[in-house]
2 protein chains.
Amino acid sequence: MCYQCNYEDLLSAARLDATGNRLRVLEVIGNNSYPLSATTIFKTLERSCSINRVTVYRILDLLVEHELVDRISTGGRAFYYGMAPNAHHHPHPHFYCKRCGQMDCLTPDSLSVDSDGLWKTFPGRIDKVEVRVDGICKNCMK
Amino acid sequence: MCYQCNYEDLLSAARLDATGNRLRVLEVIGNNSYPLSATTIFKTLERSCSINRVTVYRILDLLVEHELVDRISTGGRAFYYGMAPNAHHHPHPHFYCKRCGQMDCLTPDSLSVDSDGLWKTFPGRIDKVEVRVDGICKNCMK
DNA sequence: AAATCCCATGCAAATCTATTGCATGGGATG
DNA sequence: CATCCCATGCAATAGATTTGCATGGGATTT
């Protein structure tokens, strides 16, 4: 849950109209403590309002493009979506359970990554550094 | 290219029969300096021998399962495959160009990741830590 | 040698995720 | 009012991967 982000402000700061659907998608992502797949976001929204699957995909693309939302790759087939780094959300690694597909956020410093050297020397454009730990979560270990 | 790995030995060490197809898949992966998608591997093999796409997928699954090959997620839709860490191949981060889809290997120490703490404290099983840098490569920047 | 079994492979179809093309309708603007 | 833009919906398509079922060759057993 994020009690600090104002989703309308985030949208308008990105110069995007705060349509009902965009707000709802952003809220589902922001109110969750771990990243979600497009399908999960769609199914969540479907329960409370009428929205099309394609609209969800398009809104996700838009939010990713405007860097409000982060598209995170998993050890599985689908992308997951979480809040992009901002004043209230620091970049952090994720844990992906290959058994149940649940993705968890790790604390920003549970894994320390030093990418300073790379940013200076890399002969291309770096957009982001993604760190993911794969394995089996506590629940699935039982 | 890897001149140090003997692919038949790798297969037999994993207690797998060294069939022609398995050897060929492993060679394509090992002889390449960066990870490849299943489709690329299939198309490469198709040029020199008769093999079915599904067979390639099944062999890849098998090699990943036996930890001879690493399944690497990209910023795109398909998985890429590279040699798994072994005596001649140390774990290393990758760079993924979102424009051309090319994936490059970075040197093991271009990004230093300290995951020691996590391995000790994490309440589940950790199989691997994947580090990927996303951006646009030198060529595509032109 | 014949019968049996296992397993690698092939082929077709299905599945899952995501994307594209086209239509519509509401709100803003001229 | 006429026009344009854009968010959305629906249907179809695309791309990657997986599944189900058949086959055939080699090893093992009888």
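Letters A, B, ... are given to chains in the order of the sequence lines, protein chains preceding strands, and every chain is numbered from 1. Note: hydrogens, waters and symmetry copies are ignored here, and every other heavy atom, side chains too, is used.
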Legend entry - Atom pair distance, as rounded to whole Å: CG in A:L45 and P in D:dT8: 11 Å
Inset, instruction - Would you check if A:H94 and A:D104 make a side-chain contact, meaning some heavy-atom pair closer than 4.5 Å? - result: no
Legend entry - Any B:T55 side-chain N or O less than 4.0 Å from OP1/OP2 of C:dA8: no
Inset, instruction - Decide whether A:N31 and A:Y7 meet the rule of one side-chain donor and one side-chain acceptor closer than 3.5 Å. - result: yes
Inset, instruction - Would you check if there is a donor-acceptor pair between the side chains of A:S73 and B:R132 at a distance under 3.5 Å? - result: yes
Inset, instruction - Might you work through the salt bridge (charged side-chain N to carboxylate O under 4.0 Å, His left out) test for A:K98 and B:D127, ending with a clear yes or no? - result: CA-CA 10 Å; A:K98 55 174 84 162; B:D127 289 333; 2.8 Å; yes
Legend entry - D:dT8 OP1/OP2 closer than 4.0 Å to side-chain N/O of A:N21: yes
Inset, instruction - Measure the distance from CG on B:D17 to P on D:dT28 and round it to the nearest whole Å. - result: 11 Å
Legend entry - Heavy atoms from other residues, nucleotides or ligands near CD of B:E46 exceed 12 (cutoff 6.0 Å): yes
Legend entry - Phosphate contact (C:dC11 OP1 or OP2) by B:N52 side-chain N/O below 4.0 Å: yes
Legend entry - Rounded distance (Å) that lies between atom P of C:dC7 and atom CZ of B:R22: 10 Å
Legend entry - Between P of C:dT9 and CG of B:L16, the distance in whole Å: 11 Å
Legend entry - Nearest-Å distance for atom pair CG/P, residues B:L23 and C:dT9: 10 Å
Legend entry - CD/A:E67: more than 12 non-hydrogen atoms of other groups inside 6.0 Å: no
Inset, instruction - Rounded off to whole Å, could you give me the CG-to-P distance for the A:L11 and D:dA7 pair? - result: 12 Å
Enumerate the protein-to-nucleotides 15-24 of chain D contacts in which both atoms are nitrogen or oxygen and the separation is below 3.5 Å.
from	atom 1	to	atom 2	distance (Å)
D:dA16	N3	A:R77	NH1	3.3
D:dT17	OP1	B:F79	N	3.0
D:dT17	OP2	B:Y57	OH	2.8
D:dG20	O6	B:R58	NH1	3.4

